[in-house]
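Note that the structure is a prediction, hence the values are computed from the model and not measured.
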Amino acid sequence: MKRTRLSFKTLILLMMITIIPLSAATAQEKKLMMATTTSTDNTGLLDYLMPLFSKDTNIEIKWTATGTGKALKLGERCDVDVLLVHAPAAEKRYIDAGFGKDRREIMYNDFVIIGPAADPAQVKGKTVKQALEIIRDNQSLFLSRGDDSGTNKKEKILWNQTGKPLPEKENWYIQTGQGMLATINAAEERMGYTMTDRGTFIKYQSQKGGTAPLQVLVEGDAILLNQYSVLTLDPKNCPNAQYDLAMIFSDWMAGEKAQTLIKEFRLLGQPLFTPNAK
């Protein structure tokens, strides 16, 4: 009888030894690395959404917040599994070059030009092209992220539309090399103008109790649309990337639940992003 009881304990122990490594292996397979923009991180959207994604899918997701240009580079080097970025033209080139496989539009907001409430250059209510021409002519202080982010890419396009080159060598044009919220705070400190996505501006407003020194002065042009998309990595370029898990993330972000959560994500009573998955 004693021999039988010991054998049973031994059997249980052997089963535990077998099961634990299998469980650990499964957990390792369910980790997803994402590169994304500073706006999705700075606004708090990811802190709001990702715990719910992990709860629904049992996939642990970690992310690096950087500019879209650097995020795409991380994807090219297979350093992550999936991207959430906002520079459509660069994203399509990324796919065409064989670095990415799938691109799915998820949500949007818009870009705005903000500056001191006193608006010393008098750009309020102008088109974005007119506003940048006035800022250039008056040599008003303008702070750019200068980091090849999605916002920086769009800003360069807008400067080009004025018919003159990017004023990157002008002493009134400051490149911070920092994320969106840090650049807004630098613009506030120096009472300059800058361009931001609306979601990060609302976050900045909320941190100031709704009475921020910098205000939206230019908005509404069609060209200021700011589209966010999920991109998977092409398994041919990155065979070790977790493509299947990336597709689960993409499907979840485009699903009814996540789209409703994005719609309901607000600060100061204002939506930061508008869902538009197809």
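The line from OG1 of Thr43 to CZ of Phe201 is 14.5 Å long, rounded to the nearest 0.5 Å. With rounding to the nearest 0.5 angstrom, the NZ atom of Lys30 is 11.5 Å from the CG atom of Leu32. Distance check: Asn42 CG to Gln207 CD gives 8.5 Å after rounding to the nearest 0.5 Å. For the atom pair OG1 of Thr36 and CG of Leu231, the computed distance is 11.0 Å after rounding to the nearest 0.5 Å. For the atom pair Ile157 CD1 and Lys153 NZ, the distance stands at 9.0 Å (nearest 0.5 Å). Between atom CD1 of residue Ile59 and atom CG of residue Leu245 there is a gap of 4.5 Å, rounded to the nearest 0.5 Å.
Counting only distance, with no hydrogens or angles, the side chain of Glu219 and the backbone of Val216 share no donor-acceptor pair below 3.5 Å. Asp81 places no side-chain N or O within 3.5 Å of a backbone atom of Ala241 that could act as its donor or acceptor partner. For the pair Asp221 (side chain) and Leu224 (backbone), a donor-acceptor distance under 3.5 Å is absent. With Gln122 contributing its side chain and Asp119 its backbone, the two residues share a donor-acceptor pair below 3.5 Å. The backbone N or O of Leu261 lies less than 3.5 Å from a partner atom in the side chain of Tyr48, making a donor-acceptor pair. Tyr193 contributes no side-chain N or O that, together with a main-chain N or O of Val123, makes up a donor-acceptor pair within less than 3.5 Å. Judged purely by atom type and a 3.5 angstrom limit, Gln259 uses its side chain to pair as donor or acceptor with the backbone of Ile106.
Taking hydrophobic clusters as Ile, Leu, Val, Met, Phe, Trp and Tyr residues chained together by side-chain heavy-atom distances below 4.5 Å, Leu217 does not share a cluster with Tyr204. A continuous path of ILVMFWY side-chain contacts below 4.5 Å connects Phe111 to Val218, so both sit in one hydrophobic cluster. A continuous path of hydrophobic side-chain contacts links Ile134 to Phe142 [ILVMFWY only; heavy atoms under 4.5 Å].
For Ser250, the side-chain contact (heavy atoms from CB on, under 4.5 Å) test picks out Arg104, Val230, with sequence neighbours left out. The side-chain hydrogen bond (donor to acceptor under 3.5 Å, both in side chains) check on Asn138 picks up nothing, with sequence neighbours excluded. The side-chain contact (heavy atoms from CB on, under 4.5 Å) search around Pro51 returns none, not counting sequence neighbours. Every residue was checked against the side-chain hydrogen bond (donor to acceptor under 3.5 Å, both in side chains) condition with Thr260, not counting sequence neighbours, and none meets it. With sequence neighbours excluded, no residue satisfies side-chain hydrogen bond (donor to acceptor under 3.5 Å, both in side chains) with Lys124. Not counting sequence neighbours, the partners of Lys101 by the side-chain contact (heavy atoms from CB on, under 4.5 Å) test are Thr232, Asp234, Pro235, Tyr243. Taking Ser206 as the reference, nothing meets the side-chain hydrogen bond (donor to acceptor under 3.5 Å, both in side chains) condition, with sequence neighbours excluded. The salt bridge (charged side-chain N to carboxylate O under 4.0 Å, His left out) search around Lys92 returns none, not counting sequence neighbours. In this view, Leu141 and Leu143, Ile174, Arg190 satisfy the side-chain contact (heavy atoms from CB on, under 4.5 Å) rule, not counting sequence neighbours.
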Verdict with supporting geometry, Phe99 and Leu233, side-chain contact (heavy atoms from CB on, under 4.5 Å): CA-CA 6 Å; Phe99 298 120; Leu233 277 57; over 6 Å; no
Asp102 and Met247: CA distance, side-chain angles, deciding distance, side-chain contact (heavy atoms from CB on, under 4.5 Å) verdict: CA-CA 9 Å; Asp102 313 284; Met247 283 304 299; 3.5 Å; yes
Does Asp110 form a side-chain hydrogen bond (donor to acceptor under 3.5 Å, both in side chains) with Tyr108? I'd like the steps, not just the answer. CA-CA 7 Å; Asp110 61 340; Tyr108 69 91; over 6 Å; no
side-chain contact (heavy atoms from CB on, under 4.5 Å) evaluation trace for Trp252 with Leu52: CA-CA 10 Å; Trp252 189 87; Leu52 299 169; 4.2 Å; yes
Please evaluate residues Ile113 and Thr194 with respect to the criterion side-chain contact (heavy atoms from CB on, under 4.5 Å), reporting the C-alpha separation (whole Å), side-chain torsions for both, the decisive distance (0.1 Å), and the verdict. CA-CA 6 Å; Ile113 291 181; Thr194 191; over 6 Å; no
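Smallest separation of non-hydrogen atoms from Ile135 and Trp159: CG2-CH2, 4.3 Å. Across every non-hydrogen atom of Val80 and Met33, the tightest pair is CB-O, 3.6 Å. Nearest heavy-atom pair, Met180 versus Thr38, reported as atom, atom and distance to 0.1 Å: N-OG1, 3.4 Å. Here the closest non-hydrogen pair linking Gly75 and Asn237 is O-ND2, 4.4 Å. Of all heavy-atom pairs spanning Lys126 and Ala131, the tightest one is CB-N, 4.1 Å. Shown here for Gly150 and Ala87, the closest heavy-atom pair between the two residues is CA-CB, 4.2 Å.
Residues Ile223 and Gln161 have side chains in contact (heavy-atom distance under 4.5 Å, counting atoms from C-beta outward). By the 4.5 Å heavy-atom criterion applied to side chains, Thr183 and Thr196 are not counted as neighbours. At least one side-chain heavy atom of Tyr228 sits under 4.5 Å from a side-chain heavy atom of Asn109. Taking the side chain as every heavy atom from C-beta outward, Tyr94 and Leu83 approach each other to under 4.5 Å. Between Met195 and Thr151 there is a side-chain heavy-atom pair separated by less than 4.5 Å. Inter-residue side-chain proximity for Leu84 and Met34 is flagged as met; some heavy-atom pair is nearer than 4.5 Å. Looking at Lys154 and Asn226, their side chains never come closer than 4.5 Å, going by heavy atoms from C-beta outward. Looking only at side-chain heavy atoms (C-beta outward), Met191 and Leu214 come within less than 4.5 Å of each other.
Using a 4.0 Å cut-off between a side-chain N of Lys or Arg and a carboxylate O of Asp or Glu, Lys73 and Glu76 qualify as a salt bridge.
Counting only N and O atoms by type, the side chains of Ser39 and Thr37 include a donor and acceptor under 3.5 Å apart. Remark: the Ser149 side chain and the Asn152 side chain contain no N/O donor-acceptor pair separated by less than 3.5 Å.
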Anything under 3.5 Å between a donor and an acceptor, one on a side chain of residues 164-173, the other on a protein residue two or more places apart or in another chain? List them.
{"from": "Tyr173", "atom 1": "OH", "to": "Ser144", "atom 2": "OG", "distance (Å)": "3.2"}
{"from": "Tyr173", "atom 1": "OH", "to": "Glu155", "atom 2": "OE2", "distance (Å)": "2.5"}

May I have the list of side-chain donor-acceptor pairs in residues 61-70 shorter than 3.5 Å, sequence neighbours left out?
{"from": "Trp63", "atom 1": "NE1", "to": "Asp41", "atom 2": "OD1", "distance (Å)": "3.0"}
{"from": "Thr68", "atom 1": "OG1", "to": "His86", "atom 2": "N", "distance (Å)": "3.3"}

Sequence neighbours left out, cut at 3.5 Å: what donor-acceptor pairs do the side chains of residues 270-278 make with other protein atoms?
{"from": "Asn276", "atom 1": "OD1", "to": "Met107", "atom 2": "N", "distance (Å)": "3.0"}
{"from": "Asn276", "atom 1": "OD1", "to": "Gln227", "atom 2": "NE2", "distance (Å)": "3.3"}
{"from": "Asn276", "atom 1": "ND2", "to": "Gln227", "atom 2": "OE1", "distance (Å)": "2.9"}

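Heavy-atom neighbours of Lys263 NZ from other residues, nucleotides or ligands within 6.0 Å: at or below the threshold of 12.
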